[in-house]
Student: 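Dumping the structure here so I can ask a few things about it.
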Amino acid sequence: MGDVFSANATAIHTWAGIMDEIAEITGHAVADFEAAARRCADWPGVDDSMAEQLRPQDAKERKGTVEAGTALMEAIGGMTRVLNLNGDIIQGAQNDAIEAIDDQASRSGRH
């Protein structure tokens, strides 16, 4: 007998739900980071030579962190959408196969 393919659409949708929760947590973490970063934006100073030296690098690092967190959140969101779509396709194929088996069985009187 050849290889057998099987998939559990319910489990796929469960994992998609977990990924969606992770994306939401990531989004909150990014927002929390931005809020905390704004509260301490003046830590390098405001108008002295140290501030002139540190503020541009500090701003660059904060921006990079937010961009990386946002990209991660979007990637996880994309994976969630793909998992849900694949789960729907697999469930549809399984439903079609079961329906075809039932139709054939009703015609022949056998399973």
Side-chain angles (χ1 to χ4, degrees):
M1 186 171 200
D3 292 333
V4 176
F5 171 80
S6 67
N8 184 335
T10 302
I12 291 170
H13 284 292
T14 298
W15 278 105
I18 292 168
M19 296 296 291
D20 193 41
E21 290 176 22
I22 292 170
E24 185 176 338
I25 290 167
T26 304
H28 289 302
V30 170
D32 291 347
F33 172 80
E34 284 183 298
R38 277 192 299 277
R39 286 192 302 271
C40 60
D42 290 339
W43 285 10
V46 179
D47 58 3
D48 59 5
S49 62
M50 186 174 186
E52 290 175 12
Q53 186 178 24
L54 295 178
R55 286 180 73 100
Q57 184 63 30
D58 184 59
K60 180 180 175 185
E61 289 176 7
R62 290 170 196 250
K63 182 180 177 192
T65 300
V66 169
E67 288 173 351
T70 301
L72 177 61
M73 179 185 63
E74 290 172 352
I76 295 169
M79 291 173 18
T80 301
R81 288 186 295 279
V82 168
L83 281 172
N84 275 319
L85 179 62
N86 284 337
D88 291 346
I89 290 169
I90 290 166
Q91 187 65 60
Q94 290 172 346
N95 291 345
D96 291 347
I98 290 169
E99 187 176 307
I101 291 168
D102 288 344
D103 286 348
Q104 186 61 34
S106 68
R107 285 189 213 129
S108 68
R110 304 184 343 212
H111 274 100

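Just so it is clear, the values below take in all heavy atoms, side chains as well, and ignore hydrogens, waters and symmetry mates. No experiment lies behind these values; they were computed from the predicted model shown.
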Student: Within the structure provided, determine whether His13 and Leu83 are in side-chain contact (heavy-atom separation under 4.5 Å).
Tutor: no

Student: Please report the closest heavy-atom contact between Pro44 and Cys40, naming both atoms and the distance.
Tutor: CD-O, 4.2 Å

Student: Does Gln94 have more than 12 heavy atoms from other residues, nucleotides or ligands lying within 6.0 Å of its CD?
Tutor: yes

Student: For the atom pair CG (Asp20) and CD1 (Ile25), what is the distance rounded to the nearest 0.5 Å?
Tutor: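 One gets 10.0 Å once the value is rounded to the nearest 0.5 Å.
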
Student: Ignoring hydrogens and angles, state whether a donor on the side chain of Glu99 or Asn95 is under 3.5 Å from an acceptor on the partner side chain.
Tutor: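 Side chains of Glu99 and Asn95: no pair found under 3.5 Å.
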
Student: If I compare all heavy atoms of Arg81 with all of Glu74, which pair ends up nearest, and what's the gap?
Tutor: NH2-O, 4.3 Å

Student: Hey, what do you get for CG (Leu85) to CD1 (Ile90), rounding to the nearest 0.5 Å?
Tutor: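 The distance works out to 9.5 Å.
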
Student: First locate atom CG of Asp102, then atom CD of Gln104, and finally report the distance between them rounded to the nearest 0.5 Å.
Tutor: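 These two atoms lie 11.0 Å from each other.
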
Student: What pair of heavy atoms forms the shortest contact from Ala9 to Gly87, and how long is it?
Tutor: CB-O, 3.6 Å

Student: Is there a side-chain contact between Thr70 and Met73, using heavy atoms and a 4.5 Å cut-off?
Tutor: yes

Student: To check you understand the geometry: which heavy-atom pair defines the closest contact between Glu52 and Asp47, and what is its length?
Tutor: OE2-O, 4.3 Å

Student: Just so I know, are the side chains of Trp15 and Ile18 near enough to count as touching, which here means a heavy-atom distance under 4.5 Å?
Tutor: yes

Student: Measuring from Leu54:CG to Glu61:CD, what's the distance to the nearest 0.5 Å?
Tutor: 9.5 Å

Student: I need the Met79 CE to Asn86 CG distance, nearest 0.5 Å.
Tutor: 12.0 Å

Student: Which pair of heavy atoms, one from Ala51 and one from Gly45, lies closest together, and at what distance?
Tutor: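 Closest approach of Ala51 to Gly45: CB-C, 3.3 Å.
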
Student: Work out which heavy atom in Arg62 is nearest to a heavy atom in Arg38; give both atom names and the distance.
Tutor: NH1-N, 4.1 Å

Student: Can you tell whether the side chains of Asp42 and Arg55 come within less than 4.0 Å, N to carboxylate O?
Tutor: yes

Student: Can you tell if the side chain of Ile12 reaches within under 4.5 Å of the side chain of Asn8, non-hydrogen atoms only?
Tutor: no

Student: About how many Å separate OG1 of Thr26 and CG of Leu72, when rounded to the nearest 0.5 Å?
Tutor: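 Leu72 atom CG to Thr26 atom OG1 measures 5.0 Å (nearest 0.5 Å).
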
